[in-house]
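Here's the structure, in structure tokens; my notes come after.
Quick note on labels: first sequence line is chain A, next is B, and so on, each numbered from 1.
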Amino acid sequence: MRSGLTTESVAGPAIDDYPEKLLHHFLHQMAFIRRFEERCGEMYTKGKIHGFLHLYIGEEACAVGALNALKDQDRVITHYRDHGHAIARGIDPKRIMAELYGRVDGTSRGRGGSMHIFDRKKNFFGGHAIVAGHMPVATGLGLASKMHKDDALTMCIFGDGGVGEGEFHEALNLSVLWNTPVIWFCENNGYGMGVKLSDSIANDIYKIAAAYRMPSERCNGMDVLAVYEAVRAAVKHTRSGSGPYFVEAMTYRYRGHSMADPELYRTKAEVEKFQGRDPIERLRHQMVEAGLLTAADHSELLDRIEGEVRECIEFADSSPNPDISTLFDFIIKEPSNA
Amino acid sequence: MRSGLTTESVAGPAIDDYPEKLLHHFLHQMAFIRRFEERCGEMYTKGKIHGFLHLYIGEEACAVGALNALKDQDRVITHYRDHGHAIARGIDPKRIMAELYGRVDGTSRGRGGSMHIFDRKKNFFGGHAIVAGHMPVATGLGLASKMHKDDALTMCIFGDGGVGEGEFHEALNLSVLWNTPVIWFCENNGYGMGVKLSDSIANDIYKIAAAYRMPSERCNGMDVLAVYEAVRAAVKHTRSGSGPYFVEAMTYRYRGHSMADPELYRTKAEVEKFQGRDPIERLRHQMVEAGLLTAADHSELLDRIEGEVRECIEFADSSPNPDISTLFDFIIKEPSNA
Amino acid sequence: MPELRMRDALREALREELIRDERVFLMGEDIGAYGGSYAVTHGLLDEFGEARVMDTPISESGIVGAGVGAALAGLRPMVEIMTINFSLVAIDQIINNASKIHYMSGGQFNVPLVIRMASGGGSQLGATHSHSLEGMYAHFPGLRVVCPAFPADAKALLKRAFRDENPVIFIEHTALYSSRGEVPEDTDLILEFGVANTIREGCDVTIVGYSGSVHQALRAAVLLDKQEGISAEIIDLRTLRPLDMDAIVESVKRTNRAVVVEDDWKFGGFGGELSAQIMERAFDWLDAPVARVSGKDVPMPYNRNLEYAALPAEEDVVEAVLAMQ
Amino acid sequence: MPELRMRDALREALREELIRDERVFLMGEDIGAYGGSYAVTHGLLDEFGEARVMDTPISESGIVGAGVGAALAGLRPMVEIMTINFSLVAIDQIINNASKIHYMSGGQFNVPLVIRMASGGGSQLGATHSHSLEGMYAHFPGLRVVCPAFPADAKALLKRAFRDENPVIFIEHTALYSSRGEVPEDTDLILEFGVANTIREGCDVTIVGYSGSVHQALRAAVLLDKQEGISAEIIDLRTLRPLDMDAIVESVKRTNRAVVVEDDWKFGGFGGELSAQIMERAFDWLDAPVARVSGKDVPMPYNRNLEYAALPAEEDVVEAVLAMQ
Ligand SMILES: Cc1ncc(C[n+]2csc(CCOP(=O)(O)OP(=O)(O)O)c2C)c(N)n1
Ligand SMILES: Cc1ncc(C[n+]2csc(CCOP(=O)(O)OP(=O)(O)O)c2C)c(N)n1
Ligand SMILES: [Mg+2]
Ligand SMILES: [Mg+2]
């Protein structure tokens with residue numbers, strides 16, 4: 001039997017346990033990601049952004065709850081639906097937007113695009129577009145920490161669809177065998193493109209992960225505080241040297257898989273049901289209830305965000321395209337000591 | 001914690017529950033495989049057999065117990081350590097030996113060799129030398145049975161080392177999702193080449209298999225009757241349309257991984273410990289105790305086998321090499337209806 | 001004759017084969033409920049049901065392997081790998097199982113499996129999603145590699161693929177899915193493998209292409225004719241393995257010049273094979289070395305201008321031809 | 001200079017690099033307790049311990065991916081893939097991750113990863129276990145592909161590989177592991193990539209080879225000299241990517257004839273690239289088309305006679321040269 005927590009509004013952590021500043025930070029980040037993604041969608045329709053564009057709308061609590069539980073020295077590696085993770089990690093959103101535009105001021109100087117956001121300074125190891133292909137890489141990042149004996153842990157973010165790939169199995173198994181400090185963070189939004197979870201994996205994901213003998217928890221991915229708590233527990237375990245930890249966050253994507261998705265595989269009613277459990281709305285409501293946010297504060301927040309995102313677009317618009325003469329840059333790195 | 005049954009002589013099924021004929025058949029097949037393999041080793045040293053040769057000595061109870069629980073219409077697919085399976089499946093051992101010699105009378109006309117034994121008439125789908133590469137193929141064989149609605153089930157045989165590969169995960173998951181009639185039969189001999197099981201997989205194999213939500217049992221692979229019972233239960237389940245079933249047989253290989261193995265990774269004492277639990281000796285002893293076998297019967301049996309195996313070698317020796325003019329045969333099969 | 005888009009012609013072939021042969025079934029990621037990532041299989045789930053149009057998990061190795069198994073057991077599976085880029089996680093199944101089991105079993109078994117893949121760049125999908133690896137697959141004995149350039153050929157070749165007893169790698173260029181062409185209505189029409197098509201006759205130079213590059217060749221031929229009065233003959237290979245080398249050699253012996261055009265990287269690409277064989281078989285007829293117009297040897301950039309610069313264009317073909325005069 | 005077997009020269013390189021650079025560590029199946037399936041790593045586990053010589057499960061994709069991750073994090077991993085045949089289950093990690101991350105990150109990250117693989121046929125291991133796929137890897141931008149033919153080169157090139165900032169595919173021919181050669185004792189000696197070696201001077205024909213085929217070329221040169229009085233120049237490429245095309249062209253312009261020798265299948269093989277480039281750059285100097293001597297286009301047979309017939313031999317090289325006179 002399949003079981004476990006869904007995204008329904010089960011009572012999550014009480015907000016009075018959290019510093020006011022942190023709650024405002026969470027609300028701001030989630031709302032910023034939401035608006036950033038909405039505007040990306042517009043810019044795509046306008047022909048400013050090309051290729052595949054995968055929006056994160058509806059899943060903001062996952063990125064914000066998970067990445068805020070990490071430290072700067074920790075490493076993050078994720079899949080192609082990566083804008084929300086990049087923003088929550090603190091990467092300059094102007095440079096993210098410029099990358100989506102393919103401009104020289106983009107995080108990858110316009111070479112990578114939406115699916116391949118990298119930022120060395122933020123220990124953000126990409127943005128990977130081959131489903132589950134980054135999972136063994138995460139095991140290797142963890143292995144390096146173990147060898148360096150540094151205090152960095154690695155968070156690997158992937159989707160429910162990635163669980164179908166053999167590399168999920170190899171990466172998890174190796175991470176346990178080698179006792180690497182890796183947190184496996186699965187964003188289970190119920191679909192891999194148009195394929196329902198129940199058609200793609202034979203058991204609950206967190207139960208399959210548990211079979212590798214690592215702690216494995218499921219949390220409500222529509223509640224930023226629930227995600228934050230789940231990942232904090234994972235960080236505690238992993239940083240103490242006890243090895244990998246698996247977290248499955250139950251969430252939902254409001255938009256199509258990519259901008260090309262006709263969405264034939266689900267009903268509008270289903271989408272609306274989950275929109276009724278919106279993570280941003282949930283936190284806003286909690287903060288209002290607790291007297292931490294007035295209507296005025298909130299509209300002021302949205303205005304600020306509107307301006308911040310506009311700046312990103314202006315920045316990207318004004319950044320030049322890479323020069324054709326640089327076509328062959330970055331293929332081979334010349335040896336440092338040979 | 002790792003747990004579960006080992007190869008220690010726990011009380012197995014009582015032999016008086018089995019027809020005498022069947023017991024004699026089991027004893028004969030196991031002893032035949034043992035002698036066939038011993039002689040293969042000799043022929044390899046003599047330079048009659050080349051390439052990689054993986055002997056099955058010590059594991060005879062697995063092949064004999066498992067394959068005798070199947071029907072003729074059932075399908076078998078296995079890995080490269082395949083002589084024992086081919087013999088237990090009833091493939092003419094003369095032709096197996098000829099294949100090891102690379103001669104035209106070999107099962108694959110000398111093209112395949114030891115690791116690639118195929119026999120269409122016996123529904124024996126090979127001998128596969130890429131570890132775990134045959135597992136998704138087994139899922140497909142099962143899928144075909146489901147579509148044909150024929151009464152054939154598929155047994156896929158593989159080793160503990162194969163569990164490290166991603167295809168193990170993909171094949172098991174698909175077999176459950178598609179409810180295919182596949183019996184996964186893992187011969188756990190404790191090593192993948194020189195790598196100990198505990199260094200290659202994070203949990204007991206049958207427990208990992210169970211995470212895909214299929215029945216998963218472990219049995220004593222040094223007791224032919226225990227294997228036979230375990231697989232009979234699997235057959236009952238699978239033939240009734242209830243989907244795949246996983247059996248892990250705990251066994252041990254007495255010889256090196258291949259003829260090239262220096263065996264630096266284990267002690268002689270360890271090998272001797274397991275030789276003390278010899279599956280052939282075990283059944284012989286049980287049959288003697290039960291008055292089903294006299295010393296005379298037994299030496300008569302060994303003599304018969306000696307002659308049978310000698311015939312195999314003579315057959316292989318007298319079979320010609322393929323003609324060079326046939327080098328390009330069997331690459332492309334010409335369309336039947338185009 | 002009705003005009004169809006490439007994707008519709010492919011769908012017609014799949015429909016007709018599903019109707020013609022009950023052993024045929026389709027497997028792939030999002031070929032059903034989603035409607036196919038390039039809409040090739042759109043509507044087939046509704047028409048033929050889940051048993052014959054199977055949505056699968058994201059397990060390329062698993063589903064190609066399952067296709068091999070189903071084919072060994074007598075079915076006629078078609079596995080869609082969403083794009084050729086993802087075939088890299090399934091390539092062991094293609095090479096070590098599909099292409100070799102007939103041989104390794106001494107002819108006892110064979111693998112009638114059709115593997116469809118979308119290939120090619122030009123849509124700003126970046127380095128991991130813009131490969132053109134059909135030439136790599138053509139290297140392996142036991143495989144067929146089919147690369148149609150026009151809807152009519154695509155339909156007739158795909159129908160032929162389902163009648164083959166061997167694994168067929170069927171390549172569909174993403175940039176051609178919406179291209180249109182007349183497609184005969186005759187549902188029995190199939191095209192044999194290994195028969196190239198001279199789609200334009202000329203006497204000054206032979207331009208060889210396949211899949212997407214055939215269209216660059218066509219545009220280049222028009223420019224050459226208009227601007228330089230050079231008459232180019234164009235050969236559309238249609239299949240890379242088997243390869244219709246005779247057609248190329250025959251043409252080059254008349255034109256004495258040859259240009260090979262492909263999207264893939266030049267270094268170690270299939271164009272090298274074509275160039276080498278032309279030299280081997282028409283050396284004394286060549287007035288100039290065979291020229292190769294290919295993609296630049298760089299992982300595909302996301303930026304539009306860089307990607308355009310990385311891919312071969314008709315101007316490059318024109319340039320190559322002029323350099324030979 | 002001491003004479004060493006290829007496997008011992010490789011081991012020396014690994015030992016010296018493990019000592020020189022603490023960031024270096026080795027991962028692979030059976031490289032430790034088993035002693036290495038071809039005994040290259042024999043003894044290193046005892047000397048350097050489990051942290052730096054790691055036995056891994058049978059998870060090629062997992063360990064190559066882990067190597068990529070460790071390299072991204074600043075280590076200098078070496079992953080041994082037991083044989084190139086098994087690299088097919090890890091190739092996505094090599095192509096879509098190792099070879100592209102430097103590019104896709106706009107130069108922020110790089111992957112200094114050495115991947116060693118045993119390659120080649122000739123030991124009756126059958127179709128799945130006898131591939132020569134180094135030419136296939138040479139097709140991909142972002143990779144280095146190294147194919148030594150002699151112990152001294154193998155050691156100096158492997159040491160060079162550990163000093164590279166990019167993924168290096170290091171090819172070891174199984175038939176050469178026990179071959180002997182003098183190896184300088186200088187532990188700082190390294191060989192640059194992209195520098196071919198003219199191992200025999202001659203004026204009548206240029207024979208180009210790499211890895212195992214260099215030795216067929218050498219034996220052929222002796223026969224040609226003795227039996228026909230033909231003086232062959234032999235170029236050992238040593239690395240396929242980068243490729244020292246200048247050395248080949250310079251030689252062919254003197255000898256006016258070229259033969260390319262490789263174990264791999266001819267159709268779509270690397271020999272086509274060499275042949276095409278020689279034509280492109282030395283067309284007017286060629287007295288005959290460049291000849292390719294390669295493996296037959298057949299999955300490798302197990303039977304000894306058939307396998308011998310499927311692989312190129314010195315007689316085939318001699319024949320090709322004579323056909324040019
Ligand atoms: C190996 C591979 N196969 C298929 C694809 C095409 N593809 C891209 S995203 C995707 C669905 C992934 O779903 P999931 O992992 O749940 O992530 P989500 O999109 O839901 O966030 C697929 C099939 C791919 N990129 N890589
Ligand atoms: C993909 C792949 N990797 C590595 C090998 C080399 N190899 C052959 S057998 C083997 C060990 C397999 O062990 P196991 O599955 O336990 O089977 P056993 O030999 O113990 O019967 C290895 C590593 C291979 N054949 N295929
Ligand atoms: Mg999902
Ligand atoms: Mg084993």
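- For D/M54, no part lies near chain B; criterion is any non-hydrogen pair under 4.5 Å.
- Taking CD1 of B/I331 as the reference point, atom NZ of D/K296 lies at 11.5 Å (rounded to 0.5 Å).
- Here B/G102 is the residue among B/A260, B/G102, B/G166 with the most heavy-atom pairs under 4.5 Å with chain D.
- Between the OH atom in D/Y302 and the OG atom in B/S114 there is a gap of 7.0 Å [rounded to 0.5 Å].
- Both the backbone and the side chain of D/E60 have a heavy atom closer than 4.5 Å to some heavy atom of chain B.
- Looking at heavy atoms from C-beta onward, D/Y34 lies in side-chain contact with B/M193 at the 4.5 angstrom threshold.
- In this structure, the side chain of D/S59 engages the main chain of B/G164 through a donor-acceptor pair within 3.5 Å.
- Between B/I324 and D/N305, the closest heavy-atom pair is CD1-O, 3.6 Å.
- Looking at heavy atoms from C-beta onward, B/S200 lies out of side-chain contact with D/I58 at the 4.5 angstrom threshold.
- The shortest distance between side-chain heavy atoms of D/H129 and B/I130 falls below 4.5 Å.
- Summarising the local packing, CD of B/E270 is surrounded by more than 12 heavy atoms from other residues, nucleotides or ligands at distances under 6.0 Å.
- By the 4.5 Å heavy-atom criterion applied to side chains, D/P57 and B/D199 are not counted as neighbours.
- Rounding to the nearest 0.5 angstrom, the gap separating the OH atom in B/Y265 from the CG atom in D/D30 is 8.0 Å.
- Considering only heavy atoms from C-beta on, D/N303 stays 4.5 Å or farther from B/R111 through its side chain.
- Ranked by heavy-atom pairs shorter than 4.5 Å toward chain D, the options B/G162, B/S258, B/P322, B/G192 are led by B/P322.
- Using a 4.5 Å cut-off between heavy atoms, B/L100 touches chain D through its backbone atoms (N, CA, C, O) alone.
- Distance check: B/L327 CG to D/Y308 OH gives 13.5 Å after rounding to the nearest 0.5 Å.
- Note that the CG atom of B/D261 and the OG atom of D/S37 stand 11.0 Å from one another [nearest 0.5 Å].
- The shortest side-chain heavy-atom distance between D/L125 and B/H50 does not fall under the 4.5 Å cut-off.
- Of the two parts of B/Y101, only the backbone, made up of N, CA, C and O, holds a non-hydrogen atom closer than 4.5 Å to a non-hydrogen atom of chain D.
- Heavy atoms of B/D323 lying under 4.5 Å from chain D belong exclusively to its backbone.
- Between the CE atom of B/M115 and the OG1 atom of D/T128 there is a distance of 5.0 Å, given to the nearest 0.5 Å.
- Contacts between B/V195 and chain D at a heavy-atom distance below 4.5 Å involve backbone atoms as well as side-chain atoms.
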